[in-house]
Amino acid sequence: MVRLTFYGGVNEIGGNKILLEDGEGRLFLDFGFPYKRYKLFYEEYLSPRVGAGLLDPLAMGLLPPLEGLYREDLEEPDLWQQFRDNPSYRKLDKVEGILLSHAHLDHSGYISFVRGSIPVYSTAITAFLTKAIQDSGKSGTEQQICYYSPTVRDYPSGWRQISHLSSGTGTPSEQRQFCLGDISPEVLDSEARKFWDSGFWERTTRQKGFNSRPLGNLESCNFTLRCLPVDHSIPGSCAWAVKTSSGWLVYSGDLRLHGKRSGLTREFIEQAKRLNPRALIIEGTNTARETNVSEQDIYDNGIRIIREAGSLVIADFSPRDTDRLLTFLQIARDTGRKLAILPKDAYLLKTLRLLDSEIPDIASDDSLVIYQKTTGRTDIWVRNLVKEYDAKIVLAEDVGAAQHEYILCFSFFDLNELPGIRPAAGSIYVYSSSEPHDEEQEIDFRRLHEWLRYFSIKGMGLPVEINGEWQIPESEKGLHASGHACGTDLLEIAREISPEILIPVHSETPEFYAEHLEVSGINVVLPEVYGSIEV
Ligand SMILES: [Zn+2]
């Protein structure tokens with residue numbers, strides 16, 4: 001008997017944490033950050049206490065109470081005593097691994113709390129992206145997906161407990177075991193290996209060393225697995241198929257049929273169909289949508305607007321969506337401008353190029369430059385990057401002096417640079433960003449509009465408040481393509497694969513599948529929060 005338990009991703013977009021059990025074998029399908037529940041209690045300046053380790057996320061219901069699954073260094077003595085009466089409490093002795101579908105935090109984020117001995121299975125690009133995002137991002141327990149700094153109990157003598165668990169800057173970082181599903185680690189060249197194995201690009205000097213772990217492959221898993229690449233708004237996304245005693249079980253991750261790499265999703269459908277799956281766990285983010293915007297539409301709409309711009313162009317999109325970045329790079333080339341990306345985006349591109357030679361080389365691409373912000377302090381990785389690409393660095397005054405030559409890749413959180421640039425009349429702000437649920441931080445649109453008004457910048461494709469809801473005006477749509485398939489495409493995918501059982505996750509409208517697939521002979525079973533389904 002195969003049992004699936006849904007610890008996240010039910011009636012919410014993201015936070016997927018699905019436990020698959022077949023006899024003694026156990027796997028998790030993703031282990032994502034639960035944005036929806038997190039935001040009920042927390043915001044930027046109110047977050048779980050780092051010094052409390054696992055206590056806060058467990059007590060607030062952000063993590064399921066599964067003893068044995070999480071990092072021992074985050075467990076205070078007696079932690080589990082207060083959760084043993086919880087109806088969802090369980091002791092999980094052995095978990096074979098986590099099948100990670102892609103590097104968006106709502107799928108990967110809470111791997112940071114999971115025991116380091118549990119391997120993560122992913123594509124090579126996803127593995128490398130988790131490292132690059134961590135190297136160049138914020139530090140903190142919730143960011144420790146690729147590697148983590150074990151905490152230490154810290155009770156200074158003579159003081160009454162300043163902190164409980166100190167964030168471990170005195171101990172070496174431990175890299176997690178990543179096993180690649182799409183390529184063999186042997187094919188990686190020395191540069192790629194060096195990136196993976198070294199803590200050289202770590203954020204700070206405070207870390208005392210880096211214990212790297214070589215990349216593995218699927219053979220180390222007791223389950224028979226298939227890693228099936230799909231198209232989504234971040235490269236390296238995949239679906240997974242697991243062979244169980246009840247037959248094949250397919251998990252879609254996030255996917256779409258209208259992106260540049262739709263061929264991958266088509267191939268996934270073919271492969272999944274051939275497995276005659278017993279069950280398909282599928283996302284349902286955009287069930288209400290009937291049509292899609294394509295990347296070509298964005299190019300067409302974007303170039304039309306940007307060609308007319310009299311001065312600076314600011315483009316707001318997720319640079320982790322490399323297809324979008326390439327679209328704006330092409331627009332920059334075709335309008336005689338340069339695309340100015342931030343150091344963290346350059347770091348990601350440089351990392352992706354280790355695995356994909358079609359990613360542009362920042363050093364030799366005449367249309368790409370790096371915008372270095374005005375900072376008081378720079379992390380080591382930024383200093384290294386700025387040194388490496390010295391000739392490609394531009395500062396606020398460079399952009400300010402030649403505004404018509406640039407497309408600046410800024411988001412809301414970079415607008416404090418504007419006093420140094422002083423945008424001239426005719427500047428525009430093109431909003432081409434992902435849906436709010438994909439955002440790692442919630443954008444304050446009211447403030448964004450205030451900034452643009454103050455600097456007389458024209459906003460394009462920006463949500464405006466209509467009856468209390470932020471919506472993009474009909475006439476300015478077509479500057480963003482979703483990472484998720486529309487309802488019509490989701491039904492096509494489900495019907496083509498034709499599983500015996502279909503379980504919708506990552507959706508606020510899971511009943512959509514039941515309503516539309518009733519006649520097709522597919523049994524749609526809706527999961528419940530922390531509930532189990534036997535297949
Ligand atoms: Zn995603």
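In this chain, residues are counted from 1 in sequence order. Small disclaimer: the values here were computed from a predicted structure and weren't measured.
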field: Asn286 and His484: CA distance, side-chain angles, deciding distance, side-chain hydrogen bond (donor to acceptor under 3.5 Å, both in side chains) verdict
entry: CA-CA 6 Å; Asn286 279 345; His484 304 275; 5.8 Å; no
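Between Arg447 and Glu450, none of the side-chain N atoms (NZ, or NE/NH1/NH2) sits under 4.0 Å from a carboxylate O, so this pair counts as no salt bridge. Under the 4.0 Å criterion applied to side-chain N and carboxylate O atoms, Glu492 and Lys273 are not assigned as salt-bridge partners. A salt bridge links Lys36 with Glu508; the closest basic N to acidic carboxylate O contact falls under 4.0 Å. A salt bridge links Lys350 to Glu388: at least one charged side-chain nitrogen sits closer than 4.0 Å to a carboxylate oxygen. Under 4.0 Å is where a charged nitrogen must lie from a carboxylate oxygen, and between Lys344 and Asp414 no such pair does. Of the charged side-chain nitrogens involved, none lies within less than 4.0 Å of a carboxylate oxygen, so that Asp197 and Arg193 do not count as a salt-bridged pair.
Below 30°, between 30° and 60°, or above 60°: for His232 and His102 the angle between ring planes is above 60°, a perpendicular geometry. Taking the six-membered ring where the residue is Trp, Phe317 and Phe328 present parallel rings, their angle staying beneath 30° rather than reaching 60°.
Cation-pi geometry between Lys138 and Phe413 is not satisfied (NZ or CZ under 6.0 Å from the ring centre, within 45° of the ring normal).
When each of Lys260, His258, Arg324 is paired with Glu295, the side chain to side chain donor-acceptor pair (under 3.5 Å) condition holds for Arg324 and for no other.
In this structure, the side chain of Asn301 engages the main chain of Asp297 through a donor-acceptor pair within 3.5 Å.
Between Phe410 and Tyr371, the distance from one ring center to the other falls under 6.0 angstrom. Taking the six-membered ring for Trp and the full ring otherwise, Phe33 and Tyr35 have centroids separated by under 6.0 Å.
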